[in-house]
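See below for the structure under consideration.
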Amino acid sequence: MLPPIITLTTDYGTNDHLVGAMKGVMLKILPEIQIIDICHHVIACDILDGALTIGMSYKYFPPKTIHVVVVDPGVGTGRRPILVTGDQHFFVAPDNGVLSMVYDTQESFTVRHITSDHYFLRPMSNTFHGRDLFAPVAAWLAKNQQPMSFGEEVSDPVRFTLPKPRSGDGKVKGVVLKVDNFGNLISNISPEMIPQVFIPDGKYRLTVGGKEIPKVLHNYGDGGPNEPFGILGSAGLLEISVNRGSAARILGAQRGVEVLVELL
Amino acid sequence: MLPPIITLTTDYGTNDHLVGAMKGVMLKILPEIQIIDICHHVIACDILDGALTIGMSYKYFPPKTIHVVVVDPGVGTGRRPILVTGDQHFFVAPDNGVLSMVYDTQESFTVRHITSDHYFLRPMSNTFHGRDLFAPVAAWLAKNQQPMSFGEEVSDPVRFTLPKPRSGDGKVKGVVLKVDNFGNLISNISPEMIPQVFIPDGKYRLTVGGKEIPKVLHNYGDGGPNEPFGILGSAGLLEISVNRGSAARILGAQRGVEVLVELL
Amino acid sequence: MLPPIITLTTDYGTNDHLVGAMKGVMLKILPEIQIIDICHHVIACDILDGALTIGMSYKYFPPKTIHVVVVDPGVGTGRRPILVTGDQHFFVAPDNGVLSMVYDTQESFTVRHITSDHYFLRPMSNTFHGRDLFAPVAAWLAKNQQPMSFGEEVSDPVRFTLPKPRSGDGKVKGVVLKVDNFGNLISNISPEMIPQVFIPDGKYRLTVGGKEIPKVLHNYGDGGPNEPFGILGSAGLLEISVNRGSAARILGAQRGVEVLVELL
């Protein structure tokens, strides 16, 4: 028997004991689990950033992995805690849309409202369901492998649409979805929408926040110093990068800035 | 046999190899241990912050967990390294008070001065006992389960009193103990000291650093934008929070600021 | 059978899903591996900082540990991915010099150019070989223990010389190699070069960036407030420190600043 894997994606940061307490709770229930941090620096209370973080990473994990995703500004209110059984993975999260990108990438899935409160930690706080609800539910699920035991199926999970590029008149208008550790600007534009950009001698004009990006390259190392360029990033999306530098800083750009491709 | 669990709480940060070296040392002694990071961002050399971090998290871990706590400005001086056997857990730390909150929450415990230097790494540095002393001692303890083998019992561990609220004249005066990742201000006031605050129609006046906090709420989501409020936090203490915002920033408050409750 | 250990040293930071995706890839290939983070905050694209980070930590791990080191500004270009079999450990990295300090500390080692692309993830990005190449290669190596299966041996790995102190005329001129989390300045000067500094009544003059450091102490705790002093650090090198303070801040010094010892 392989040890069950539980991943954690939260906005708790790493400056205090919060993540440690969650791990303790899980290990007390099932000491042989393997706990993997995906990210604890989701932008605080930012459900879109949380949705992207889990959406871009979950599929790399083995089947049966249990992904705990806690970006939960509504903790303690009526928002439902949910357990999602997807094609190959489980997800435990608040029902606030943070799994939207997961839903978009499953063939089929069921969502259960977690109501079996005998699994919860007692006393239960109103402010830290990561420790008191999501962590024990994930560990018990790892132990019993019975999603049905946690609550009834529901058909109306909260789900939002990720910002989608708009196209028309030979233009594709997207936005920067995320800025990574290197200052790369990850857009929401996929190469299929802008084939000219990725073929030799393709004619196009690319701007980010109104600033022209003269080239699209195949790897970071081909860029000159302080010279922003487009590139097909590892998430399968158009990125704006600078070789050994930060495109975000050099362009003064951040999340939400417009990425415009004019196909000429 | 379950793998022994060792947790780490340090002020080493995560910008360099220090924590990695500690983990390597432990795995070389006992490769099957499960190492769990509680926190490596304790405020540098801040024994109170370290005491709070381990004090608020250790009890969530399974019995027999070994907690390594290294906030150690006196490394290399005469301060004693100690091994504490508590009700259910072990603790390995410098004897500088960083376990004070642990002592406060044990029914009984014994403290040993770690003197069996054949367990230490050689050559031993004067500046990195996390790697050279505490890590190997924790791993050998996980392996031999013999606290007695590490040194003699002592009766005078360094122990400080956590800042306690003062009450009188219908007032309770506390302080902010900690600011978390969301900017929540965690006070040292427990609800039993201020029952009026948590009942409907209770009469009280709450101020933080002289600024009035008009409401106490049951969950973050009920707060208006930029509106600080009191709440019972997950550590069982009064916190000051802002819904989807930072109370620390909005109130210009930090650790040590006075939290005053006047019961009317 | 003990679980194979794979360590990670990268400049990916911890703000997004990159490290999580790498871990998922490895666990999908071999779920029982133990993954240990050495550091993900190597200075972005800084090969020297990466070389120091792995060089100062790898030897503490058990024999057969596989160290994955990804500081890779040339990702997607012609730079070779390599697998190094050292005296006791394996290393998987881009061939850009990031293993220079490892080479310096092995009795013998072989370097292989990783060309067996059936081990790689498909589709393979041009920007994230941590996930698509280095992670799967490390996990497959953990599984098959056959370094030969990954590619042919090469004899010309990229290797740079770490900044070495220059000595002459009774002077030793070094530099600050690294600033740690506490603001300690780690120089490249080892005690054998400056024996006078570490003996009682030794005569010398020590300056950092032109500022005189009056004392060399045996432990941090002996230093006065805001008083920089020299000390033999845990890497076996001369460091400049301040007791409970930051030498970097107090001296306005950073990496690359000159450390001069005049032996009198």
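Small disclaimer: the values here were computed from a predicted structure and weren't measured. Every chain is numbered from 1 and lettered A, B, ... according to where its sequence line falls, protein lines coming before strand lines.
Counting heavy-atom pairs closer than 4.5 Å to chain C, the top-ranked of the candidates A:Gly233, A:Ser234, A:Cys39, A:Gly183 is A:Ser234. Between chain A and the options C:Val19, C:Asp11, C:Asp132, heavy-atom pairs under 4.5 Å are most frequent for C:Asp11. Of the listed residues (C:Ala135, C:Ala21, C:Pro73), the one with the most heavy-atom contacts under 4.5 Å to chain A is C:Pro73. The most heavy-atom pairs under 4.5 Å with chain A, out of C:Glu32, C:Met124, C:Lys28, come from C:Lys28.
Contacts of A:Tyr220 with chain C are made by both backbone and side-chain atoms, with heavy-atom separations under 4.5 Å. Neither the backbone nor the side chain of C:Arg79 comes within contact range of chain A; no heavy atoms are under 4.5 Å apart. At a 4.5 Å heavy-atom cutoff, the contact between A:Lys59 and chain C is made by backbone atoms alone. In this structure, the portion of C:Ile33 lying under 4.5 Å from any heavy atom of chain A is its backbone and not its side chain. Proximity to chain C (any heavy atom under 4.5 Å) is restricted, for A:Leu232, to the backbone atoms N, CA, C and O. In this structure, chain C has a heavy atom under 4.5 Å from the side chain of A:Asn243, while its backbone stays farther away. For chain A, no part of C:Ile29 is nearby; none of its heavy atoms comes within less than 4.5 Å.
Here OG1 of C:Thr127 is found 8.0 Å from CG of A:Asn184. Values are rounded to the nearest 0.5 Å. Expressed to the nearest 0.5 Å, how far CG of C:Asn126 lies from CG of A:Asp222 amounts to 9.5 Å. Atoms CG and CZ, on C:Asn15 and A:Phe182 in that order, are 11.0 Å from each other to the nearest 0.5 Å. Interatomic distance, C:Met26 CE to A:Phe61 CZ, rounded to the nearest 0.5 Å: 9.0 Å. Distance check, rounded to the nearest 0.5 Å: CZ of A:Arg244 to CD1 of C:Ile47 gives 5.5 Å.
Residues A:Pro62 and C:Gly24 approach most closely at CD-O, 4.2 Å, considering heavy atoms. The shortest non-hydrogen separation linking A:His41 to C:Thr14 is CD2-O, 3.4 Å. Between A:Ile36 and C:Lys23, the shortest heavy-atom contact is CG2-CD, 3.7 Å.
Between the A:Gln34 side chain and the C:Pro31 main chain, a donor and an acceptor come within less than 3.5 Å of each other. No donor-acceptor distance shorter than 3.5 angstrom exists from the side chain of A:Asn219 to the backbone of C:Val75, with no hydrogens or angles considered. Judged by distance alone, the side chain of A:Asp37 and the main-chain N or O of C:Gly20 form no donor-acceptor pair under 3.5 Å.
C:Leu27 places a side-chain heavy atom less than 4.5 Å from the side chain of A:Ile5.
The environment of C:Lys64 atom NZ is sparse: at most 12 non-hydrogen atoms of other residues, nucleotides or ligands sit within 6.0 angstrom.
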